[in-house]
There are 2 protein chains.
Amino acid sequence: MARRKKPDARTAATDYSAIATASAILDAAERLFARKGFDATRVKQIGVAAEVNPALIYYYFSDKRGLHQAVIDRFGRELVGRATAALAAAGSPEDVVRAVVATQSAMLSGHPDRARIIGRELIDHDAEHAAELISSLARNVFSRLRAAIAQAQADGTFSSEYDPSYAALSTISQVIYFHLARPIVQALLRERGTIGRDEETAFAAHAAGFALGALSGGPR
Amino acid sequence: MARRKKPDARTAATDYSAIATASAILDAAERLFARKGFDATRVKQIGVAAEVNPALIYYYFSDKRGLHQAVIDRFGRELVGRATAALAAAGSPEDVVRAVVATQSAMLSGHPDRARIIGRELIDHDAEHAAELISSLARNVFSRLRAAIAQAQADGTFSSEYDPSYAALSTISQVIYFHLARPIVQALLRERGTIGRDEETAFAAHAAGFALGALSGGPR
DNA sequence: GTCTATAGGTGGATAGAC
DNA sequence: GTCTATCCACCTATAGAC
């Protein structure tokens, strides 16, 4: 493999998918950062999990923070890409609501680590490391969901009594919460045993119906 | 002040409210653990913030983990206490839904640290340190909300097409998400400037209406 | 590009005086 | 109960051989 310039963590996201070692490091780091958090994760552990010499982490990513940023960037690119693709296909406002909820579920189902990455970024440091990701989501997903709701309100399909931004928040809160608050969800659904992917998709279907039910019928 | 036995962190929650020094430590620790997380918070910082000698942290709480557990326990006692009190006053199923949402909002409004404590416990270590809190909430709040929904479904007040557990999850997800996902909420409401308590209570009112609208009208 | 060895620094925890 | 001094484990990061 040709000699590579040491990537600068401060510049925009680099694509490491062609480099096997770097990809292995990113995979291992994603799992560990998600499960234990940034500070509790040891660089040595990442190396062991990736079956790579820990010193290579400093070769590919300038330091631990740089690796963390790279994990967020890679994840964010996939998330925004999928969301925009799903929304491009949506026609009616109802379709937009369903598409947003379905995409959330598709991204998170069977990937508990991803929910944790999002959760951590929301809580830690006011998500400063995911600022770009969030502004991108705001432009490409949230505002389009809100616009679809507002349009349907103008049509008379949805009740005009809701604030469109609030309604959008209520809509997206459901699936994220379901995946993020796993311990609470378990406590509520304990009679059903462990939560599998079928349960996750069933909830996503419910969530879309719940939001559309509220939007169509109006508040009480 | 009389000589005190060093409390054992492994036993059930101790009440430190009478001891000024211990209370100051708990207050400072709650703020710092919430904002920076357990691992990133330095014991020394807690001492400085509490204006107390850091060594006293080991005197009152056996170690850093014991302090963390005490923070969770104190917070949990207040949360469960308020929630059960609010539910005791509720009559009709509609009242129960409104009471749960209102209590969530009352607990979190103007207290961003509290939302973070909950969020961190959900994500870190699968909330193992808050196991008691969560099972208590499950018994006292979640199951009563679900029971109220099921009862209204039997009455014909709410649509029977919803799974009561799922409907309960959709209901409680809204306010928690609003407080937890502050960066995303900001992005969606950016034209309104900074989010204040008035905005927080306005959203809580919306959330109750949204849930009741969905429950009354049925899914789409 | 990969590996070893180690520097350099920090933070949790304790001993013991007062 | 409070404070000082300090130990020791451990972790990030780099230097440099291969």
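The figures that follow rest on heavy atoms only: side chains count, while hydrogens, waters and symmetry mates do not. Bear in mind that the values here come from a model prediction, so they are computed numbers and not experimental data.
Side-chain atoms of B:Tyr166 and A:Phe210, non-hydrogen and from C-beta on, never get closer than 4.5 Å to each other. Side chains of B:Phe178 and B:Leu108 form no contact here, defined as non-hydrogen atoms less than 4.5 Å apart.
Classification of A:Arg192 and B:Asp163 as a salt-bridged pair holds, one side-chain N sitting under 4.0 Å from a carboxylate O. No salt bridge links B:Glu78 with B:Arg74; every basic N to acidic carboxylate O contact stays at or beyond 4.0 Å.
Applying the 4.0 Å criterion to OP1 and OP2 of D:dT2, one finds that B:Tyr60 has a side-chain N or O inside that range. The side chain of A:Tyr58 contributes no N or O atom lying less than 4.0 Å from OP1 or OP2 of D:dT14. Contact between the side-chain N/O atoms of B:Thr21 and the OP1/OP2 oxygens of D:dG1 is not found at any separation under 4.0 Å. Of the side-chain N and O atoms in B:Asn53, none sit less than 4.0 angstrom from OP1 or OP2 of D:dG1.
Residue order along DNA chain D, read from the 5' end via each residue's closest nucleotide, puts A:Arg42 first among A:Ala55 and A:Arg42.
Going from atom NZ of B:Lys44 over to atom C1' of C:dG9 covers 13 Å, rounded to whole Å. If you measure from atom CG of B:Leu56 to atom P of D:dT4, you get 10 Å, rounded to the nearest angstrom. Between the CD1 atom of B:Ile25 and the C1' atom of D:dC3 there is a distance of 13 Å, rounded to whole Å. Rounded to whole Å, atom P of C:dA13 lies 14 Å from atom CZ of B:Phe61. Taking atom CD1 of A:Ile57 as the reference point, atom P of D:dT12 lies 9 Å away to the nearest angstrom. The separation between A:His68 atom NE2 and D:dA13 atom C1' is 19 Å, rounded to whole Å. One interatomic measurement links the two molecules: CG of B:Asp63 to P of C:dT14, which rounds to 8 Å at whole-angstrom precision. Rounding to whole angstrom units, OH of residue B:Tyr59 and C1' of D:dT2 are separated by 10 Å.
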